[in-house]
Chemist: 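Quick one: structure below, then a few questions.
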Amino acid sequence: MLAGVIGLWQLSKARTFQVFGELYARVETPEKVVALTFDDGPSPANTPAVLELLARHQVKATFFMVGQNIEKHRELAARVLAEGHQLANHSYSHKRLVLHSPAFVEEEISRTDALLREVGVRGEILFRAPYGKKLFVLPWLLARDHRKDILFDAVPDDDTTQDAGLITSRVLGAVRPGSIILLHDGWGAKPGTLEAAGRILESLKAQGYRFVTVSELLALGGKGSPPSNP
Ligand SMILES: [Zn+2]
């Protein structure tokens with residue numbers, strides 16, 4: 001029994017393996033459609049500028065928000081929702097949900113769900129684990145509660161670089177129909193991300209892509225595909 005549990009835990013550490021639950025890094029679709037996602041906000045340093053950019057392009061995105069940042073900036077979270085974007089759960093404290101008790105992980109998720117409801121979110125709340133980690137306790141809880149864990153397949157690492165050219169080329173090099181693009185609007189100012197987001201929008205629109213929320217993308221793709229190379 002113990003060996004089995006340890007084996008499952010080791011498997012769960014692999015980036016491409018999910019013990020339980022539904023995991024999406026992209027969807028299979030022939031349509032030129034992608035989902036733009038912004039993590040770690042809301043943040044007064046970035047989110048308003050991101051909203052203005054998206055409004056100029058008439059594009060809806062998905063914001064994976066950190067509960068403690070919603071608590072600090074409720075009006076900003078409500079504004080994101082009011083402007084037609086999708087809000088989703090990115091844990092309460094953005095700790096690595098590694099080797100924590102089920103009660104701790106459950107609290108990280110449920111506290112943020114409650115805050116999202118308070119700012120007006122209705123319907124299914126999607127989840128994205130901090131650092132994209134898939135672990136034994138977390139997938140078990142998500143599966144028990146029939147929750148979807150949303151990853152990404154276009155990852156420019158804009159949390160570690162603010163070189164707009166690099167962020168843009170990494171996204172444009174990875175994107176394909178059904179992609180989920182990961183950018184960050186959380187914490188401190190991210191001028192490179194903002195600049196890159198503008199270039200990505202312009203380039204993909206010129207290639208005939210349209211932008212949808214993650215829930216719209218999942219609906220289009222039908223059954224999600226497992227992450228081949230997140
Ligand atoms: Zn994050």
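One-based numbering, in listed order, for ligands and for the atoms of each. Being a predicted model, the structure only gives us computed values, none of them experimental. Only heavy atoms go into these numbers, but all of them, side chains included; no hydrogens, no water, no symmetry mates.
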Chemist: Side chains of W187 and N69, heavy atoms from C-beta outward: is any pair under 4.5 Å?
Modeler: yes
Chemist: Is it the case that over 12 heavy atoms from other parts of the model lie below 6.0 angstrom from the CD atom of E118?
Modeler: yes
Chemist: Looking at D40, pick out the N, O or S atom nearest to the Zn ion (ligand 1) and give its name.
Modeler: OD1
Chemist: I'd like to know if E83 pairs up with R79 as an ion pair, taking the criterion as any Lys NZ or Arg NE/NH1/NH2 lying under 4.0 Å from an Asp or Glu carboxylate oxygen.
Modeler: yes
Chemist: Give a yes or no on whether D159 keeps an N, O or S atom under 2.8 Å from the Zn ion (ligand 1).
Modeler: no
Chemist: Could you check whether T112 and E108, counting side-chain N and O atoms only, form a donor-acceptor pair closer than 3.5 Å?
Modeler: no
Chemist: Any N/O/S of H184 under 2.8 Å from the Zn ion (ligand 1)?
Modeler: no
